[in-house]
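Step one of this worksheet: look at the structure below.
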Amino acid sequence: MRELYPLIEPYKEGKLQVSQLHTIHFEESGNPQGKPIVLLHGGPGGGCPPVYRQYFHHEKWRLVMFDQRGCGKSQPHAELRENTTWDLVSDIEKLREHLGIEKWVVFGGSWGSTLSLAYSQTHPERCLGLILRGIFLLRQKELRWFYQEGASYIFPDAWEEYLQPIPVDERDDLLTAYYQRLTSPDSQVRQEAARAWSIWEASTSRLFPDTQLKQAFAEDKFAEAFARIECHYFINKGFLNSDHQLLLNVDCIRHIPSVIVQGRYDVVCPMTSAWELHRAWPEAEFIVVPDAGHSMSEVGIRSALIEATDRFADAG
Ligand code: STX
């Protein structure tokens, strides 16, 4: 099994104003002369913790990470206005141009895989390769599975806590019920909903649960951005023009060297989506980790991702 690289500090950090309202925080680490790679984090609303740097050989890669609109160190915090998939796609381009990078490898898991597909299908000429994990195509069936019925059968205990803030007579549409609370003018109501929403995801992300992860997700500032932004994107169907958009547009990126890493027991983003993507796109290498769930920190997934970044660093 491959292990994480030692933690390094960024050699550069900055802010980029991407709209009248939003400023995003970015950092560069590794080797300024290395192969460029951009990491697209999950959620949306998850931000980039330092441990993400440890998936990349620091002499081979010039790693660019940034916090998407409204989360991490980006401002304003938890802001939903001017916050759509296509705003993020244009931010990625603004950042690429700002850094003077012509092309880069794109690395994204979970919502990061969704955004990687949307970005690469819009700007395929900018992508040297794609490393995707825990495939999420933002289709109604995936949202239904995780936020309404399905994952609830596997984690009925955690599900009880997720249901807690929502009165019984609103439980037939939990996404809407949560959206109302997460956008309530009452900060107490928002915070209670944000905590329950985030803890649900933390409780279901790994094959073997991790109490530390639950605590981190329950932290007020993290939960507020994560829950509000996720729910906003999901209520708006990811701002995609159809449920199948990301699958139908695979033709635009078929030629790009790519790898898909998927945990067999991923309950957040069940493997059926990765499988359908693999069927639509057999050219992409497909790796199923037999003993893992959703999280990129699980040993098998971590190992497969580090193997992939090493291979992409040495290719062409
Ligand atoms: N959201 C899945 C997702 O993108 C439905 C995701 N899950 N956890 C995360 O992202 C973080 C680890 C980035 C918080």
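Counting convention: from 1, in listed order, for ligands and their atoms alike.
Tested against L138, the residues T85, N236, T114 include a single side-chain contact (heavy atoms from CB on, under 4.5 Å) partner, T114.
Atoms of ligand 1 lying under 4.0 Å from at least one heavy atom of G42, given by number and element, are 4 (O), 10 (O), 13 (C). Ligand 1 places these atoms under 4.0 Å from at least one heavy atom of W111: 3 (C), 4 (O). Interface of Y52 with ligand 1, defined as ligand atoms under 4.0 Å from a residue heavy atom, comprises 13 (C).
For R171, the CZ atom is densely surrounded, since the number of other residues' heavy atoms within 6.0 Å is greater than 12. Around atom OH of Y265, no more than 12 heavy atoms belonging to other residues, nucleotides or ligands sit under 6.0 Å away.
At least one N or O atom of S110 sits closer than 3.5 Å to an N or O atom of ligand 1. Considering backbone and side-chain N/O of G43, one or more are found under 3.5 Å from N/O of ligand 1.
At least one heavy atom of E201 sits under 4.0 Å from some atom of ligand 1. Under a 4.0 angstrom heavy-atom cut-off, Y233 registers as lying outside contact with ligand 1.
Between E230, H294, E142, it is E230 that holds the heavy atom closest to atom 5 (C) of ligand 1.
E219 and R195 are not joined by a salt bridge, as no carboxylate oxygen comes within less than 4.0 angstrom of a charged side-chain nitrogen. Residues R311 and E285 are paired through a salt bridge, judged by an N-O separation under 4.0 Å between the basic side chain and the carboxylate. D310 and R2 are joined by a salt bridge, as a carboxylate oxygen and a charged side-chain nitrogen come within less than 4.0 angstrom of each other.
Proximity of the aromatic rings of W61 and F312 is defined here by a centroid distance below 6.0 angstrom, and this criterion is not met.
Two residues are said to be in side-chain contact when any heavy atoms from C-beta on lie closer than 4.5 Å; V38 and R96 fail this criterion.
For atom 14 (C) of ligand 1, the closest non-hydrogen atom on the protein side is F217 CZ, 3.4 Å.
At a heavy-atom distance under 4.0 Å, only side-chain atoms of F226, from C-beta outward, approach ligand 1. Contact annotation: for Y147 versus ligand 1, heavy atoms closer than 4.0 Å belong to the side chain alone.
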